[in-house]
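Report on the following structure.
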Amino acid sequence: MTTSAVDESWPMVEEAVFRLFDELAAKGTDEHFSIGPPLADLGWSDIESEYPIEACELLFRAQGRSLLNSDSLDTVLLAELAPVLDGAVDGIVLPGVADGCRPSSDAEHVNGILLGPRPFGRIAVPVSNPKGEVSIGVVDTDSLEAKRLDTFDTSAYWTQVTGPMTGNLVDASAEWSNAIAAAHRALATELVALADQALRIAVEHVSVRIQFGAPIGSFQSPRHLLADASAALEGARALLGTTWRYGGELSALTAKAAAGRAHRAVSDATLQVCGAIGLTIEHDLHRYVTRGFQIDALCGSYQQLEALLADRLFAGDSTGEALPAVVTLT
């Protein structure tokens, strides 16, 4: 995986996509949008053709900064699984939070999370077995029980689905590895964008709020807190840039873990600093914090992924991919 050359037209593409996501997000904080049709109106197929890597990365940057709920992640996953799907599907069952990036469904039972409300039609179901192999089945949503989850971020619409596994299973271990790596890159990008926004809000507030005759940001304690958080975020951004540039399952997993930890560091620092100056829970800062906690839980939280990285490090990684030179495990 290598990035394509970005020319002078790319900033216009970014601006158009950011504007689109902002407009959709303004329509409702808890709506779940199908992003395909509005992107098609922008000529997205041509943009993807010219900037295949940058276009995907841009979607999740835009989603993080706008707080939009959309089916972008489903689209990315299903594109990787297309070779083993017997036609179009309307969604995909993601692993339950407790299972990290390992499918929660088995050969007899469907169990997992849908992003957004239950769609009408067919959905893809990744299935794991005790050997760690993954297959893909397709089931009709009418056969499943669905219940909206009580999410930490109340604007996020996640649906728990359970039911019988009725579809035929097709071996898809390689395709699932590619799909989960794509998901980790996408989610890490969204987490970094969320952390960027939270940090921007905090810096703006401490720069203008006056205490003891000086801006709060001029005092050592808040300045150091925000600087440490910013350093963690820049480290995660560097890992993220590497995995977009070169690809790889392990680098994507590392980037997702680093982005989740960096978002947590930014959240802790900004809430501590802004809470001390009376920023209320209604402020947008809290939306970027809670959305990040929610996104971090998808396909493996940073704690789960760091534990997985440690297991691979000490057991000897078998992917053939070099372990990152720097991995924060504490």
Side-chain angles (χ1 to χ4, degrees), residues 1-6 48 51-61 63-64 72-73 75-81 83 94-95 99-103 126 128 132 134 172-196 230-266 292 295-330:
M1 176 184 290
T2 56
T3 55
S4 54
V6 173
E48 278 190 308
Y51 311 103
I53 306 303
E54 292 85 358
C56 185
E57 186 266 351
L58 175 59
L59 288 184
F60 292 91
R61 269 198 294 135
Q63 186 154 287
S72 295
L73 186 64
T75 301
V76 167
L77 286 161
L78 292 173
E80 297 291 344
L81 296 174
L94 298 179
D99 293 313
C101 50
R102 178 185 175 87
S128 62
V134 176
S173 292
E175 290 80 6
W176 177 250
S177 292
N178 291 337
I180 208 68
H184 282 157
R185 277 190 293 274
L187 293 167
T189 302
E190 189 169 351
L191 281 164
V192 167
L194 289 162
D196 273 334
S230 179
L233 182 57
E234 290 310 310
R237 199 191 315 276
L239 287 171
L240 181 58
T242 298
T243 192
W244 277 114
R245 189 173 302 113
Y246 299 112
E249 176 194 354
L250 189 59
S251 70
L253 186 154
T254 306
K256 169 69 161 54
R261 179 172 283 279
H263 179 274
R264 180 57 183 263
V266 168
I295 294 299
D296 179 56
L298 275 179
C299 300
S301 68
Y302 77 84
Q303 296 100 324
Q304 290 170 318
L305 297 183
E306 286 178 353
L308 181 56
L309 280 168
D311 288 343
R312 289 190 178 188
L313 182 64
F314 294 113
D317 183 68
S318 61
T319 64
E321 185 181 344
L323 283 164
V326 178
V327 178
T328 300
L329 298 175
T330 58

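Worth knowing before you read on, the calculation uses all heavy atoms, side chains too, and leaves out hydrogens, waters and symmetry mates. Worth saying up front: this structure is predicted, and the values here are computed from it rather than measured.
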Of the options Leu191, Thr254, Thr189, which is the one that meets Leu240 in a side chain to side chain contact (heavy atoms under 4.5 Å, CB included)? Thr189

About how many Å separate [atom2] of [Y] and [atom1] of [X], when rounded to the nearest 0.5 Å?
X      : Y      : atom1 : atom2 : value
Leu308 : Lys256 : CG    : NZ    : 11.5 Å
Leu59  : Thr75  : CG    : OG1   : 8.5 Å
Leu253 : His184 : CG    : NE2   : 5.0 Å
His263 : Glu190 : NE2   : CD    : 9.5 Å
Leu94  : Asp99  : CG    : CG    : 12.0 Å
Leu194 : Gln63  : CG    : CD    : 9.0 Å

Identify the heavy atoms of [X] and [Y] that sit nearest to each other, and give their distance.
X      : Y      : result
Ala236 : Ala262 : CB-CB, 3.8 Å
Trp244 : Cys56  : CH2-SG, 3.7 Å
Leu305 : Cys299 : CD2-O, 4.0 Å
Pro95  : Gly100 : CB-O, 3.4 Å
Arg264 : Tyr302 : CG-OH, 3.8 Å
Ala188 : Ala255 : CB-O, 3.7 Å

Considering only heavy atoms from C-beta outward, does the side chain of [X] approach that of [Y] to under 4.5 Å?
X      : Y      : value
Gln303 : Asp296 : yes
Ser128 : Trp176 : no
Leu58  : Tyr51  : no

Set out, in order, the CA-CA distance, both residues' side-chain angles and the distance that settles salt bridge (Lys or Arg N to Asp or Glu O under 4.0 Å) for Arg237 and Asp196, then state yes or no. CA-CA 10 Å; Arg237 199 191 315 276; Asp196 273 334; 2.8 Å; yes

Residues two or more places apart in sequence or in another chain: which of them pass side-chain contact (heavy atoms from CB on, under 4.5 Å) with Asn178? Glu80

Under 3.5 Å: donor-acceptor pair, side chain of Thr243, backbone of Ala252: yes

